[in-house]
Amino acid sequence: MTRVWKWNRPVTVREVLEDLQQERSIAYTTVMTVLDNLHQKGWVRREAEGRAYRYEAVSTRAAYAAALMNDAWSQSDNPAAALVAFFGMMSDEQRQALRDAVRIVQGPETREAPEAREPRQQEPAQQEAAEPRQEENPGSAEGALGR
């Protein structure tokens with residue numbers, strides 16, 4: 001799939017084979033079998049071109065990654081804890097990309113600058129929850145939840 005996504009256009013077995021052979025020795029029939037398996041699984045569609053097929057990805061790599069993340073998250077018995085653990089593994093750049101993605105999904109009404117918004121009044125319980133807590137073991141998963 002990496003090779004099919006890389007070109008972002010319909011590809012032949014021969015094209016994929018030649019690209020792979022730059023890195024390692026591989027048989028034409030191996031590439032043909034893998035692409036046929038991907039077609040049978042619904043990952044690629046194919047169109048006949050002479051005696052060969054041209055294969056094209058059914059979805060983008062980003063959509064595939066999103067489906068994997070959604071599947072893993074939906075199988076968790078504690079989705080909130082799974083998200084906290086996942087966010088804890090992210091780099092600063094990944095967290096910024098996540099913030100950008102949330103802004104895109106939320107739409108234009110939430111994109112105005114924070115300083116342009118009126119401050120919301122918080123209930124006393126919300127103020128207390130928003131204040132940083134000192135954890136006994138800041139390296140634990142429970143400590144990460146309080147941050």
Side-chain angles (χ1 to χ4, degrees), residues 1-117 119-120 122 126 129-147:
M1 282 308 300
T2 299
R3 306 302 167 147
V4 176
W5 283 320
K6 178 176 127 179
W7 282 306
N8 197 28
R9 64 170 173 76
V11 297
T12 64
V13 171
R14 176 76 49 204
E15 289 174 315
V16 175
L17 173 72
E18 290 172 358
D19 193 41
L20 287 169
Q21 284 180 333
Q22 293 177 15
E23 297 172 14
R24 61 190 168 110
S25 177
I26 189 166
Y28 182 93
T29 54
T30 301
V31 177
M32 183 174 63
T33 299
V34 169
L35 284 169
D36 185 58
N37 289 342
L38 290 170
H39 174 257
Q40 289 181 28
K41 290 179 179 185
W43 289 45
V44 295
R45 63 180 147 259
R46 67 183 181 193
E47 190 172 314
E49 184 177 281
R51 292 178 52 200
Y53 287 108
R54 282 203 173 268
Y55 294 86
E56 183 176 23
V58 170
S59 68
T60 65
R61 188 178 206 144
Y64 171 69
L68 284 177
M69 289 186 284
N70 186 56
D71 185 49
W73 187 46
S74 66
Q75 292 182 33
S76 173
D77 60 347
N78 188 341
L83 283 174
V84 168
F86 180 63
F87 297 156
M89 295 177 198
M90 297 173 97
S91 68
D92 289 339
E93 294 80 19
Q94 289 169 322
R95 281 191 289 275
Q96 184 58 51
L98 177 64
R99 284 191 282 279
D100 293 343
V102 168
R103 279 195 288 283
I104 290 167
V105 170
Q106 287 177 337
E109 66 278 356
T110 60
R111 289 190 188 153
E112 64 180 275
E115 58 274 2
R117 294 187 205 128
R120 290 187 349 205
Q122 290 183 331
Q126 289 175 317
E131 293 173 6
R133 298 189 331 219
Q134 210 46 16
E135 300 294 330
E136 288 182 25
N137 184 359
S140 69
E142 293 80 18
L145 287 171
R147 288 185 209 150

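Bear in mind that the values here come from a model prediction, so they are computed numbers and not experimental data. Values below: all heavy atoms of this structure, side chains included; hydrogens, waters and symmetry mates excluded.
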#### Entry: Pairs involving residues 16-27, ordered by first then second residue, that meet side chain to side chain donor-acceptor pair (under 3.5 Å) (sequence neighbours left out)
R3-D19, R3-E23, K6-D19
### Those residues that, when tested against R14, pass side chain to side chain donor-acceptor pair (under 3.5 Å) (two or more places apart)
none
### Which residues share a side chain to side chain donor-acceptor pair (under 3.5 Å) with R51, sequence neighbours left out
none
### Shortest non-hydrogen contact from E15 toward P10
OE1-O, 4.1 Å
### Query
For E49, which residues count as a salt bridge (charged side-chain N to carboxylate O under 4.0 Å, His left out) partner, sequence neighbours excluded?
R54
### Message
Going by the rule ring-ring contact (aromatic ring centres under 6.0 Å, His included), which residues pair with Y64 if we only count those two or more places apart in sequence or in a different chain?
### Response
W5, W43
### Message
Using the side chain to side chain donor-acceptor pair (under 3.5 Å) criterion, which residues pair with D100? Sequence neighbours excluded.
### Response
Q96, R103
### Task
Mind checking side-chain contact (heavy atoms from CB on, under 4.5 Å) for A97 and listing every partner two or more places apart, or none if nothing turns up?
none
### Query
Quick one: side chain to side chain donor-acceptor pair (under 3.5 Å) pairs with a partner in residues 72-90, sequence neighbours left out?
D71-Q75
### Task
With sequence neighbours left out, write down each residue that passes side-chain contact (heavy atoms from CB on, under 4.5 Å) with S91, or none if nothing qualifies.
E93, Q94
### Message
Less than 4.5 Å apart, side chain to side chain, heavy atoms only: is that true for Y28 and V13?
### Response
yes
Using distance only, find each side-chain donor-acceptor pair of residues 30-42 under 3.5 Å and give its atom names and separation, not counting sequence neighbours.
| from | atom 1 | to | atom 2 | distance (Å) |
| --- | --- | --- | --- | --- |
| T33 | OG1 | T29 | O | 2.8 |
| D36 | OD1 | R46 | NH1 | 2.8 |
| D36 | OD2 | Q40 | NE2 | 2.8 |
| N37 | ND2 | T33 | O | 3.4 |

